[in-house]
Each structure stands twice: as C-alpha cells, then as structure tokens.
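Everything below concerns the one structure shown next.
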Amino acid sequence: MSGKERLPVRGAQGDLLRLVATGHAESRAQLARISGLAASSVSLRVEELIDAGLLVEEGSGTSRGGRRPRRLRVSPTAGLLAVADLGAHHARLGLLDLSGAPLVVEERACDIALGPEATLDWMAASFDELLLTHGPPGVPLRGVGTGMPGPVDPASGRVVSPSRMPGWHNFPVAEHLGAHYDLPVLVENDANLLAVGEARSWPGCDNLMVLKAGSGIGCGVIVDGRLHRGRGAAGDISHVRVRADSSTMCSCGHSDCLEAYASGAALMGALSEFGIATRRPGDVVALVEDGVPEATALVRNAGRLIGEVLTVLVNFLNPDAIVVGGSLSTAEPLISSIRAAVYERCLPLATRDLEIAVTRGGPDTALLGAGSLLLDAVLG
Ligand SMILES: [Zn+2]
C-alpha cells in the first residue's frame, strides 16, 4: 500500500493547507488575512504546496473583464482519509479526500463483542478493501480514524471502562490501528465525532450539546466552536444518577444511572420483560411508530429522564442548541419529552433562544466529524 509517505507540510504550510481544506479560505488574499502572514510569504508557500501536488489553483489567467481571482482548493490527489464509526453491531466506513468530501461510505455488520483485536483487524481489512476498490491509483492514504461507542482517553487512544464492550477496557486502539498503517491515527468517542460533524450544520451556533441516543447514551459538547474534551470524559452523561431507589443496576456497577433506564439497550431489556423482542434500538422506534403502548411509554420516560439531566447542564453551559442524534432520535416522544423537561425546568434566560432539535446532518455526520479531527492530526 502506498500509505507510508508523510505530508511534506508542518507548521505554517500545514496551517495554510488546512484553511483551504476546511473551506475557510480559497484565495491567497484570504489566506494572508486569516493567517496574518505577509502576502509574499503566503504566495511562496502556496507555490510550494502546488508544486507538491497538494493544492490546485483554478480559474487562473485573464478573462475579458480583466484578471479573474484564482481559486485555491485541495488537490483531489493530495491524499485520502480512512474513517469509521463503530457501533455495537454495525460500522459505517468511508474514504474521504483531504477536504472531507466522501468518495465512498459503506455500512457493514460487525460485532464489537468479539473483542478489540478481531474487530480492529476486521476494520483494517475493510479499509484496505475500500482503498483497493475505490481509492484512485497513486493517491496516498494520509490518516486513519475511528469513533468508539465508549469513553476514550484522548492522550493514549485507549477505551476506558466502556459498557457492553467486553475485553475493550484499556485496550490500546490507536496503537493497534497504528501498527497496521504507520500513519496518524484518531480514536475518539462516537458522540464527540457526531458533535464535530453536526456543528457544521449549525452556522452561528458556537455552543452546542449533541446527544447521541442509541444503544448507549453519549453527549458531545461544542464550546466556542470547538470540541470540548476535558480530560476525555466531557459530555459523558450516561452514569449520572437519575433515581434514588437503587432499583436498577447499571453496567458500571452502580445503580440507577441514566443509562440503566434511558439507553436503547435499557429500553430493549425493559421491552423483553413485556415479552416484546427487539434486536436493535431502531426496532424500538418502529414499535413506537406502530403505536405499541409499552414502547411509547418507555421512550417517553427515557426522554423525561434525559431531559432532567440536560436541565442541569443547560443551566450550567447555556448552549445555543441541544441536538439529538443516534438511532433513537427519530422517536418523536423522545424529543418531545426532552423538550418538555428542559423548557419546564430550566431558567428562562437559559431557554429563551434555546433550540432542541434532531440532527440536521445526514447519516455520515460522525464520519465527517472524524475527517475534520483527523485532518488536524495529519497536518498538525
Ligand atoms: Zn452506570
């Protein structure tokens, strides 16, 4: 595989390339203005990036009305990013170009319960297959990234104490993937990836809480337009205690966590006690749409519990919007119960302009978020 060569850019050159790749600049003048570098210095570096085959300039030359501004963009042959969003039973996998545009995205069945080695080797084999089938010849792979359905220590790229991921605790995910590729590797919590990808669909909203309601419950937090990780656990609301009667044990060993009542896994467990079989959280949504009262009541209760936890966070963080994604997000009673709890209990100043809505990004939002963070790692 031709993935060994590194980008010949670091520092200021990498910054200029990133400004073009992320759509913040498309001319030398804009690059000079945003970067603060002198115009001559920008021009020199842009020429070097063009010579290296990383940038291309379009619309060059003169037109009848005089000189047309030349538009810079990342060369389609500058490189590829291989990204995945790993779920309990499915993974979305894709190849992106360096501007974050997908070349191909596929959803494939997998089983994280098989453990980290088997799952990550499967992921690497899937990436290799996508590259072989869809990668343009001669275009190098520049980085690899994946979302994990559990807490990730950003410093080490390890998964820490995840629920429903037997054998994954403290496994060096980044190291294992890195051994396959010898390239920059991004390992990030899946709700964080969703938040970064979703933020692109909320221009003008710099502070977002992006909830992922699927098999588990996660939340990614965008503050001042950037992902807020804290020490890695920021946004992890799944083990907030929501009841005081110690009636339900959580996978973390404590009782009465939000996750134990309101996650897709918890709802599926509760439905099975009614004799209603489901295989994945999407089945719960289908039951709600079919008007099955047990499912509707459980989802409404989950929304209320999530909303009560969010109430504290909305007062504290005062975001512009709460965005709900994940496979349960299309269940209407979930959103309406979250709204009811938050609007009823939050401070008026905190909810005055607060929007609570389902995600605007499509099914590839988390992959696009992965591409965005991975580009930082590749050029950083
Ligand atoms: Zn717990």
Side-chain angles (χ1 to χ4, degrees), residues 1 3-4 80-96 105-131 141-197 212 214-220 227 229-236 238-239 251-252 326 366-378 380:
M1 190 139 301
K4 301 291 181 199
L80 294 172
L81 305 173
V83 287
D85 185 24
L86 189 61
H89 304 293
H90 287 84
R92 284 183 89 77
L93 302 125
L95 299 179
L96 315 178
V105 174
E106 286 185 7
E107 183 155 327
R108 298 185 177 193
C110 67
D111 184 2
I112 54 169
L114 294 176
E117 275 108 344
T119 305
L120 295 173
D121 291 346
W122 168 85
M123 182 184 290
S126 300
F127 283 150
D128 289 347
E129 203 184 308
L130 288 179
L131 284 162
L141 183 65
R142 301 291 194 178
V144 176
T146 184
M148 286 283 145
V152 173
D153 174 3
S156 66
R158 289 171 184 254
V159 175
V160 182
S161 304
S163 306
R164 295 178 302 282
M165 291 176 72
W168 286 80
H169 171 60
N170 220 17
F171 187 84
V173 176
E175 213 173 283
H176 193 85
L177 278 176
H180 274 275
Y181 292 101
D182 191 25
L183 289 169
V185 175
L186 171 88
V187 181
E188 186 60 83
N189 170 260
D190 57 357
N192 283 353
L193 292 187
L194 185 69
V196 171
K212 182 168 182 181
S215 294
I217 298 177
C219 185
L227 177 65
R229 286 194 183 89
R231 308 281 296 205
D236 194 336
S238 47
H239 301 289
S251 58
C252 71
L367 290 188
L368 301 182
S372 170
L373 292 177
L374 182 54
L375 186 70
D376 287 345
V378 168

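In this text the structure is predicted, and so the values were computed from the model without any measurement. FYI, side chains are in, hydrogens and waters are out, and symmetry mates aren't considered; it's all heavy atoms of this structure.
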Within the structure provided, determine whether Arg142 and Leu183 are in side-chain contact (heavy-atom separation under 4.5 Å). no
Considering residues at least two apart in sequence or located in another chain, which fulfil the salt bridge (Lys or Arg N to Asp or Glu O under 4.0 Å) criterion with Glu129? Arg108
Got a sec, which residues hit side chain to side chain donor-acceptor pair (under 3.5 Å) with Ser238, two or more places apart in sequence or on another chain? Asp236
Sequence neighbours left out, what pairs pass salt bridge (Lys or Arg N to Asp or Glu O under 4.0 Å) with at least one residue falling in residues 366-375? none
Tell me every residue that passes salt bridge (Lys or Arg N to Asp or Glu O under 4.0 Å) with Glu107, counting only those two or more places apart in sequence or in another chain. Arg92
Could you list the residues that satisfy side chain to side chain donor-acceptor pair (under 3.5 Å) with Asn192, not counting sequence neighbours? Glu188
For Leu186 and Ala370, the nearest pair of non-hydrogen atoms, with its separation, is CD2-O, 3.6 Å
As an exercise, state the distance from CG of Leu373 to CG of Leu368, rounded to the nearest 0.5 Å. 11.5 Å
Per the side-chain contact (heavy atoms from CB on, under 4.5 Å) rule, which among Pro151, Pro149, Cys252 passes with Pro162? Pro151
List in chain and number order the residues that pass side chain to side chain contact (heavy atoms under 4.5 Å, CB included) with Ser156, two or more places apart in sequence or in another chain; answer none if no residue qualifies. Asp153, Arg158
List the atom pairs, with distances to 0.1 Å, where a side-chain N or O of residues 113-121 and a protein N or O form a donor-acceptor pair under 3.5 Å, not counting sequence neighbours.
residue: Thr119; atom: OG1; partner: Gly115; partner atom: O; Å: 2.7
residue: Asp121; atom: OD1; partner: His176; partner atom: NE2; Å: 2.9
residue: Asp121; atom: OD1; partner: His180; partner atom: NE2; Å: 3.0

Hey, could you give me the NE2/OG distance between His90 and Ser215, rounded to the nearest 0.5 Å? 10.5 Å
Could you pull out the closest heavy-atom pair between Phe127 and Gly94, with the gap in Å? CE2-O, 4.4 Å
For the atom pair OG (Ser163) and NE2 (His239), what is the distance rounded to the nearest 0.5 Å? 4.0 Å
Could you grab the distance from atom CH2 of Trp122 to atom CG of Leu93, nearest 0.5 Å is fine? 5.0 Å
Does anything in residues 162-179 form a salt bridge (Lys or Arg N to Asp or Glu O under 4.0 Å)? List the pairs, not counting sequence neighbours. Arg164-Glu259
Nearest heavy-atom contact between Pro184 and Leu374 is O-CD1, 3.9 Å
Nearest non-hydrogen partners of Ala191 and Gly218, listed with the distance: CB-C, 3.8 Å
Val185: partners by side chain to side chain contact (heavy atoms under 4.5 Å, CB included), with sequence neighbours left out: Ala174, Leu177, Val187
Asp190: partners by side chain to side chain donor-acceptor pair (under 3.5 Å), with sequence neighbours left out: Lys212
When rounded to the nearest 0.5 Å, the distance separating CG of Leu81 from CG of Leu141 is 7.5 Å
Trp168 vs Met148 side-chain heavy atoms within contact, under 4.5 Å: yes
Starting at CG of Leu193, measure out to CG of Leu367 and round the result to the nearest 0.5 Å. 8.5 Å
Sequence neighbours excluded, which residues qualify as salt bridge (Lys or Arg N to Asp or Glu O under 4.0 Å) partners of Asp376? Arg18
Taking side chain to side chain contact (heavy atoms under 4.5 Å, CB included) as the definition, give me every residue that meets it alongside Pro154, ordered by chain and number, with sequence neighbours left out. Arg229
Any sub-3.5 Å donor-acceptor pair from Asn170's side-chain atoms to Val160's backbone N or O? no
